[in-house]
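In what follows, a structure is listed as structure tokens, so that the remarks can point back to it.
The sequence lines fix the lettering, A, B, ..., with proteins before strands; numbering per chain opens at 1.
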4 protein chains.
Amino acid sequence: MLARVSTAPTFKRLPRAVREQQMLDAAVKVFSRRGFHAASMDEIAEDAGISKPMVYAYLGTKEELFVACLHREGTRMMQAIAGAAAPELPADERLWRGLRAFFGFVGAHRDGWAVLYRQARGEQPFAGELAGMRARLVDIVAGMLDHALRAEGREAGETDLEVVAYALVGATESLADWLADHPDADPEKTATRMMNVAWLGAGQLLAGATWRPGR
Amino acid sequence: MLARVSTAPTFKRLPRAVREQQMLDAAVKVFSRRGFHAASMDEIAEDAGISKPMVYAYLGTKEELFVACLHREGTRMMQAIAGAAAPELPADERLWRGLRAFFGFVGAHRDGWAVLYRQARGEQPFAGELAGMRARLVDIVAGMLDHALRAEGREAGETDLEVVAYALVGATESLADWLADHPDADPEKTATRMMNVAWLGAGQLLAGATWRPGR
Amino acid sequence: MLARVSTAPTFKRLPRAVREQQMLDAAVKVFSRRGFHAASMDEIAEDAGISKPMVYAYLGTKEELFVACLHREGTRMMQAIAGAAAPELPADERLWRGLRAFFGFVGAHRDGWAVLYRQARGEQPFAGELAGMRARLVDIVAGMLDHALRAEGREAGETDLEVVAYALVGATESLADWLADHPDADPEKTATRMMNVAWLGAGQLLAGATWRPGR
Amino acid sequence: MLARVSTAPTFKRLPRAVREQQMLDAAVKVFSRRGFHAASMDEIAEDAGISKPMVYAYLGTKEELFVACLHREGTRMMQAIAGAAAPELPADERLWRGLRAFFGFVGAHRDGWAVLYRQARGEQPFAGELAGMRARLVDIVAGMLDHALRAEGREAGETDLEVVAYALVGATESLADWLADHPDADPEKTATRMMNVAWLGAGQLLAGATWRPGR
DNA sequence: GATGAATGAGCGTTCATTCAT
DNA sequence: TATGAATGAACGCTCATTCAT
């Protein structure tokens with residue numbers, strides 16, 4: 001048997017980091033479509049174009065694999081939102097920028113993040129991971145509110161702020177779900193609507209008030 | 001062997017209606033704790049104090065059983081909210097009463113409904129059932145908003161109303177999750193907070209405004 | 001509670017013999033349609049309009065029930081064929097009458113006997129029952145042949161006769177299956193064809209010979 | 001712990017093709033003995049010396065497995081009969097060769113094919129498969145008859161030929177059953193007897209005629 | 001590094017069969 | 001007599017996970 005001449009690219013023996021990304025891509029895709037339990041390691045491996053033992057060798061258990069997906073997607077999202085809201089801006093501008101960044105991300109990763117996020121709920125093993133991510137979001141929002149309050153010399157109970165932030169985050173997630181389910185909807189427009197509800201509240205909306213980006 | 005004193009009830013040979021409720025109770029409990037997939041029919045049967053075949057005889061397949069749970073809990077919730085908001089009241093009063101009824105129900109069925117609701121998302125087979133329930137809620141809220149608008153001679157696009165209502169429902173569900181996770185929290189108080197966010201919006205909240213029940 | 005006045009027929013409390021026939025009717029029907037294993041006692045009981053424990057009380061185990069079906073149908077068939085072939089007639093006439101009686105019976109009990117018979121094969125527990133029935137048929141045919149031989153002063157080995165008879169019975173059963181599968185086919189015509197093959201053989205058939213009833 | 005001497009074959013990690021044959025062997029055996037329904041996948045797997053999941057991985061569902069058995073055995077039989085009857089020979093010679101090949105095959109696969117064939121009847125899911133195989137046999141026989149008729153310038157209705165062929169095939173199958181149940185019987189002799197009945201018919205047999213191979 | 005071969009363990013479902021009324 | 005209620009015991013099938021090459 002002669003040595004194989006390595007001229008044409010064989011698409012094999014890729015460096016580990018690349019392989020891992022391929023696997024994560026496949027995993028995110030399959031988990032999104034089927035849900036955590038219904039997803040099978042076989043399908044993930046096949047979709048990644050790789051054999052099952054490799055998946056185990058690189059990313060470990062099914063649970064660990066799912067957590068890895070959560071982490072990667074979560075990190076990406078956080079980075080997308082990160083610098084969106086500089087503390088020196090007024091509160092509404094900060095909120096607006098954050099929402100726009102968030103819905104922009106969800107719009108771009110519809111069947112990736114949004115659905116995957118939807119899966120993490122309800123599967124206890126990942127309650128912790130998810131709670132952590134949401135807590136970070138809630139903290140950001142609560143921080144905004146707190147900052148704005150202090151700027152006017154007032155203060156609020158911690159729980160109160162947290163709960164308000166929680167509600168805002170919840171409403172936002174809910175609209176994100178809606179966005180993920182309506183492929184033709186416009187992220188920017190959705191963000192605007194969310195901003196209206198969040199900032200003005202139903203009372204003023206009914207009274208005819210409207211919030212619009214850029215004043 | 002002493003004669004068995006037939007004082008204590010034997011808990012056997014109960015009529016079908018009773019057994020069905022026992023099974024549904026057990027199913028709600030187990031589905032809540034483990035999630036749909038992780039829940040096993042064995043555990044549900046055992047928890048109901050009955051053998052597995054009876055569960056199949058009365059309530060059918062695992063999926064059918066889950067749907068039955070969804071229906072029972074959903075119906076209970078809808079009934080709890082039902083007459084809460086009479087159309088002749090002003091919009092904020094209607095919203096408030098609806099929220100109070102909702103959080104009251106969730107508070108009373110913490111590990112029942114709220115968690116079960118949490119499970120239904122993400123499991124494709126039940127998308128329909130859940131979407132239906134949520135749609136009814138969204139319709140109710142959108143109806144409130146629309147009614148209030150028309151009362152003032154104004155009008156709004158249908159999609160806009162729906163999206164706003166969607167956001168409000170989402171925020172509410174989110175706080176319901178929060179309530180379900182905080183056993184010591186007070187449903188009434190949570191409803192009040194939700195009302196503040198929903199009605200006043202972050203803008204007015206930051207400006208120091210507060211909404212309080214009864215004026 | 002007053003004594004129930006037994007004016008209108010309640011269709012209950014029927015005498016045992018009647019009930020048993022109802023059950024057997026239902027059993028034959030269900031076994032035919034589903035096959036022995038696929039048939040369920042539930043369906044049989046329901047089809048008989050009676051509760052399952054009654055079936056067990058009257059006809060015993062599922063196997064026993066099937067055997068009871070076999071016996072009833074087998075007996076009916078044997079009776080239908082019984083006097084068909086008087087020994088004093090010539091052999092071909094006897095054979096013809098037997099075949100006509102047999103196909104007549106099968107034609108009238110298409111989905112009853114024929115299919116049920118088809119089920120008994122392959123289910124070992126009933127090998128004995130079925131073998132017995134077929135043995136009786138084979139014996140009848142072999143007896144015919146033997147009688148005809150002796151009438152001419154000749155004789156044949158027992159095995160030879162048995163095997164020939166076996167082949168004839170097999171061919172006949174096979175055409176019975178065919179008849180059962182072709183609802184529009186005419187039993188009389190089928191019997192004639194069978195008679196042609198059996199009596200003349202392929203050789204003479206190819207040579208243009210034909211056998212016709214009544215000379 | 002002594003070093004394991006690797007002399008005896010381990011019988012593990014065999015290539016797929018080999019394992020598939022082992023499984024089919026085991027399946028044919030178990031299906032034959034127990035019948036389709038009574039056979040359990042566990043027993044088949046154990047008999048094949050392999051775990052159940054491998055059976056599913058390679059051969060699929062129980063039904064698919066049975067069909068695979070049917071196909072393998074059916075193909076083998078057809079191949080055994082295939083070239084047996086060259087068209088240029090006279091009809092009786094062709095029939096004789098076909099019968100000899102058939103009984104030879106059945107004699108060699110007693111508990112394999114014959115019993116398995118016996119199982120396929122009556123189990124509705126396989127009606128199609130079996131009907132197809134029998135149809136091919138019937139066609140072959142009908143073709144022989146038709147060919148012989150045309151050679152003499154005569155013709156016969158299609159249905160007539162088919163029914164006659166059906167009867168012949170039925171008789172043959174029946175004797176095959178008999179052969180499978182009598183382990184000591186001689187296939188060749190059985191073929192001869194069948195040939196006598198089929199070719200000469202009962203009439204000539206009773207009149208003392210005899211057909212013998214080779215003139 | 002990479003994979004085909006292999007399995008332990010478990011789950012959903014069904015069914016013949018029997019109490020207790 | 002007649003039945004609704006109840007179950008033990010299997011069976012088909014799947015899947016995450018690991019050897020051995």
- Would one find a side-chain N or O of D/Arg19 under 4.0 angstrom from OP1 or OP2 of E/dA6? yes

- Message: Just to be sure I follow the notation: if a pair is Watson-Crick (purine N1 to pyrimidine N3 plus N6-O4 or O6-N4) or a G-U wobble (N1-O2 and O6-N3), each under 3.5 Å, what dot-bracket string does DNA chain E give, with | for pairs to another strand?
- Response: .||||||||||||||||||||

- Query: Of C/Ser40 and D/Ala57, whose nearest nucleotide on DNA chain E comes first from the 5' end?
  - Reply: D/Ala57

- Message: Against the six-membered ring of C/Tyr58, is C/Arg16 placed for a cation-pi contact (under 6.0 Å from the centre, within 45° of the normal)?
- Response: yes

- Note on the structure: To the nearest angstrom, the CD1-C1' distance between C/Ile50 and F/dT1 comes to 10 Å

- Rounded interatomic separation in angstrom, taking CD1 from C/Ile44 and P from E/dC15: 12 Å

- Would you please confirm or rule out a distance under 4.0 Å between OP1 or OP2 of F/dT1 and any side-chain N or O of C/Tyr58? no

Listing, residues 45-54 of chain D side-chain donor-acceptor contacts under 3.5 Å, not counting sequence neighbours, or none:
residue : atom : partner : partner atom : Å
D/Asp47 : OD2  : D/Lys29 : NZ           : 3.1
D/Lys52 : NZ   : D/Asp42 : OD2          : 3.4

- Is the shortest heavy-atom distance from the side chain of B/Leu24 to the side chain of B/Gln21 under 4.5 Å? yes

- Can you tell me if D/Ser40 uses its side chain to pair, donor with acceptor, with the backbone of D/Glu43 under 3.5 Å? yes

- Partner set under side-chain contact (heavy atoms from CB on, under 4.5 Å) for D/Ala27, not counting sequence neighbours: D/Phe31, D/Ile44, D/Leu65, D/Cys69

- Message: Other residues, nucleotides and ligands only: do more than 12 of their heavy atoms fall within 6.0 Å of CZ on A/Arg34?
- Response: no

Interface polar pairs with nucleotides 17-19 of chain F, N/O, under 3.5 angstrom:
residue : atom : partner : partner atom : Å
F/dT17  : OP2  : A/Tyr56 : OH           : 3.1
F/dT17  : OP2  : A/Lys62 : N            : 3.0
F/dT17  : O4   : A/Lys52 : NZ           : 2.6
F/dC19  : O2   : D/Arg13 : NH1          : 2.7
F/dC19  : O2   : D/Arg13 : NH2          : 2.6

- Task: Might you point out which heavy atoms bring D/Glu129 and D/Leu70 nearest each other, and give the distance in Å?
- Result: CB-CD2, 3.6 Å

- Query: Which is true for C/Ala38 with a 4.0 Å heavy-atom rule: it touches a base, it touches only sugar-phosphate, or it touches nothing?
  - Reply: nothing

- Query: What residues form a ring-ring contact (aromatic ring centres under 6.0 Å, His included) with A/Phe126, not counting sequence neighbours?
  - Reply: A/Phe36, A/Phe66

- Message: In whole Å, I'd like the distance from the CD atom of C/Glu43 to the C1' atom of E/dT14.
- Response: 14 Å

- Note on the structure: Heavy-atom nearest nucleotide on DNA chain F taken for B/Arg16 and for D/Phe36; more 5' hit belongs to B/Arg16

- For A/Glu123, the side-chain hydrogen bond (donor to acceptor under 3.5 Å, both in side chains) test, sequence neighbours excluded, returns A/His37

- Message: Looking only at the side chain of D/Leu14 (C-beta and beyond, no hydrogens), which of the listed nucleotides F/dA5, E/dA6, F/dA2 gets closest?
- Response: E/dA6

- For the pair made of CG in B/Leu59 and P in F/dA5, what is the distance, rounded to whole Å? 13 Å

- Here the distance between atom C1' of E/dG12 and atom CD of B/Glu64, to the nearest Å, is 12 Å

- Item | Between P of F/dG12 and CZ of D/Phe66, the distance in whole Å | 14 Å

- Item | D/His37 vs C/Met54, nearer the 5' end of DNA chain F by closest nucleotide | C/Met54

- Task: Give the rounded distance in Å between these two atoms: CD of B/Gln22 and C1' of F/dA5.
- Result: 13 Å

- Query: How would you label the contact of A/Ala45 with the nucleic acid (heavy atoms, under 4.0 Å): base, sugar-phosphate, or nothing?
  - Reply: nothing

- Step-by-step side-chain contact (heavy atoms from CB on, under 4.5 Å) determination, A/Lys62 to A/Val55: CA-CA 9 Å; A/Lys62 192 187 185 187; A/Val55 179; over 6 Å; no

